[in-house]
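In what follows, a structure is listed as structure tokens, so that the remarks can point back to it.
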There are 2 protein chains.
Amino acid sequence: MTANPARADIHLSARKRAGNGAAPRDVADDIGLDALVGHAGYAVRRFQIWIFQDFIRTLGDVDIRPTQYSVLTVIGANPGLSQMAVAKRLGIERARLVHLLDSLEQRKLVKRTKSKEDRRSHALHLTAQGETALAKFKRLAAEHERHVEAKIGKANREQLLRILAGFT
Amino acid sequence: MTANPARADIHLSARKRAGNGAAPRDVADDIGLDALVGHAGYAVRRFQIWIFQDFIRTLGDVDIRPTQYSVLTVIGANPGLSQMAVAKRLGIERARLVHLLDSLEQRKLVKRTKSKEDRRSHALHLTAQGETALAKFKRLAAEHERHVEAKIGKANREQLLRILAGFT
DNA sequence: GAAAGATTGTTGTTGACGACAACAATTGCC
DNA sequence: GGCAATTGTTGTCGTCAACAACAATCTTTC
């Protein structure tokens, strides 16, 4: 959505002194970014904000946020994992994961069981309810991914995934 | 920095053959991500975290974070802008910009002057000190950008910027 | 085998950040 | 002149990352 064709051509020739004397830019539309254009971090950040908003909106009915989805996906693909392992794999702190799992466990999607081998750790599993729910989440996530495709183009999305494959 | 060198030696199957046949993958290295791979949002998020950390570290000596840098850059390229215009252009809330400018003004990098045309708004300018400081920040930011190039490759970085140009 | 050290889950604090709501001063519209 | 809208400001709330401390439990070392 919001196919912004008017915005797409700003990135080149943004902010050049077009010689007009006193144009009182009352709106924030033709404001130059100067050195900001050309910074990968800025573009990536704006894109990430857009992606997360679309993800949250697309999965709004089931009330699942990106981080929750990633936790469920990893547990679903690797049952019995410890909290430490999940946190390390996803790059979130174990302190943060505690609250995430509290929420997911309250919603009966995940259960923590005491590990037999290491009684310090918890073995994480999806509940039966969690399994079927995750299947639905994955369908919605695929729909979200189609939104990304529609936004930047199918070929560009694949290019992007290829370029950033090392960060997963 | 968050290097954590003590961790670096665990990562490759150090204890996989612990003798017990169960081997419940106690390390988080060969954990499958399943559906997470192939999600643009996940890759973009991880990449953005890496970029910001490198930016913060590279500009750590001058104590400038990405958002502050973007504000300074926009003001430097468009002197006299109102807070509303800056906030709208960068996609930050004007409430948030207040604190950002408070900090930057305390550090004598930016000054707010009452606008003559609209006495509600403030005209934002860099101080002389702010100008020279921004020049230094830009050199450091360029160095950070070279880190990005070294990480994903020069051609890939340009591809990325081209793909995401519509979001700036 | 016991002491010393490391790891796991947990709780709490701090700070950056976005979203919202309310407010005074000011401007624009009618 | 009166009323709605805008601008900067203050405040609250919720998310999120980074740390620090702690009890329970392994692991190492002597």
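Note on naming: letters A, B, ... go to the chains in the order of the sequence lines (proteins, then strands), and numbering restarts at 1 for each one.
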If every non-hydrogen atom of L161(B) is compared with every non-hydrogen atom of A40(A), which pair is closest and at what distance?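 Scanning both residues, the minimum pair turns out to be CD2-CA, 3.8 Å.
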Of the nucleotides [options], which has the atom closest to the [X] side chain?
{"X": "R120(A)", "options": "dT25(D), dT6(D), dG12(C)", "result": "dT25(D)"}
{"X": "E93(A)", "options": "dC16(D), dC19(D), dG9(C)", "result": "dC19(D)"}
{"X": "R94(B)", "options": "dG9(C), dT26(C), dT9(D)", "result": "dT9(D)"}

Could you check whether any side-chain heavy atom of L101(A) comes within less than 4.5 Å of a side-chain heavy atom of I75(A), counting everything from C-beta outward?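 With C-beta onward as the side chain, the pair touches.
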What I'd like to find out is whether the side chain of N156(A) reaches to under 4.5 Å of the side chain of R162(B), using heavy atoms alone.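 Result yes, sub-4.5 Å side-chain heavy-atom pair found.
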Closest-nucleotide ordering on DNA chain D, the 5'-leading residue of S82(B) and P66(A):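 Going by which nucleotide is closer to the 5' end, it is S82(B).
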Side-chain N,O ([X]) to OP1/OP2 ([N]) below 4.0 Å:
{"X": "H99(B)", "N": "dC17(C)", "answer": "no"}
{"X": "Q53(A)", "N": "dG18(C)", "answer": "no"}
{"X": "T67(B)", "N": "dC17(C)", "answer": "yes"}
{"X": "R45(B)", "N": "dA17(D)", "answer": "yes"}
{"X": "R96(B)", "N": "dC17(C)", "answer": "yes"}
{"X": "R119(B)", "N": "dA25(C)", "answer": "no"}

Grab the [atom1]-[atom2] distance between [X] and [N] for me, whole Å please.
{"X": "Q48(A)", "N": "dC16(D)", "atom1": "CD", "atom2": "P", "answer": "11 Å"}
{"X": "L101(A)", "N": "dG9(C)", "atom1": "CG", "atom2": "P", "answer": "9 Å"}
{"X": "K114(A)", "N": "dA24(D)", "atom1": "NZ", "atom2": "C1'", "answer": "11 Å"}
{"X": "Y69(A)", "N": "dT15(D)", "atom1": "OH", "atom2": "C1'", "answer": "21 Å"}
{"X": "F55(A)", "N": "dT15(D)", "atom1": "CZ", "atom2": "P", "answer": "16 Å"}
{"X": "K116(A)", "N": "dC26(D)", "atom1": "NZ", "atom2": "P", "answer": "12 Å"}
{"X": "I92(B)", "N": "dC20(C)", "atom1": "CD1", "atom2": "C1'", "answer": "17 Å"}
{"X": "L97(B)", "N": "dG8(D)", "atom1": "CG", "atom2": "P", "answer": "8 Å"}

May I ask you to decide whether D54(A) forms a salt bridge with R146(A), counting only side-chain N to carboxylate O separations under 4.0 Å?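 A salt bridge is absent here (no side-chain N lies under 4.0 Å from a carboxylate O).
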Using the ring centroid of each side chain, check whether F167(A) and F47(B) are separated by less than 6.0 Å.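 Centroid separation for F167(A) and F47(B): below 6.0 Å.
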Can you spot which of K151(A), K154(A), R157(A) makes a salt bridge (charged side-chain N to carboxylate O under 4.0 Å, His left out) with E145(A)?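 The residue from K151(A), K154(A), R157(A) that satisfies salt bridge (charged side-chain N to carboxylate O under 4.0 Å, His left out) with E145(A) turns out to be R157(A).
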Quick one: label [X] by what it contacts on the DNA or RNA (base, sugar-phosphate, nothing), any heavy atom closer than 4.0 Å.
{"X": "I49(A)", "result": "nothing"}
{"X": "Q68(B)", "result": "nothing"}
{"X": "Q83(B)", "result": "sugar-phosphate"}

I want to confirm an ordering. Mapping E117(B) and L100(B) to their closest nucleotides on DNA chain C, which one lands closer to the 5' end?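 It is L100(B), whose closest nucleotide lies nearer the 5' terminus.
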For R65(B) and D118(B), take the nucleotide of DNA chain C holding the closest heavy atom to each; which residue's nucleotide lies nearer the 5' end?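 This one resolves to R65(B).
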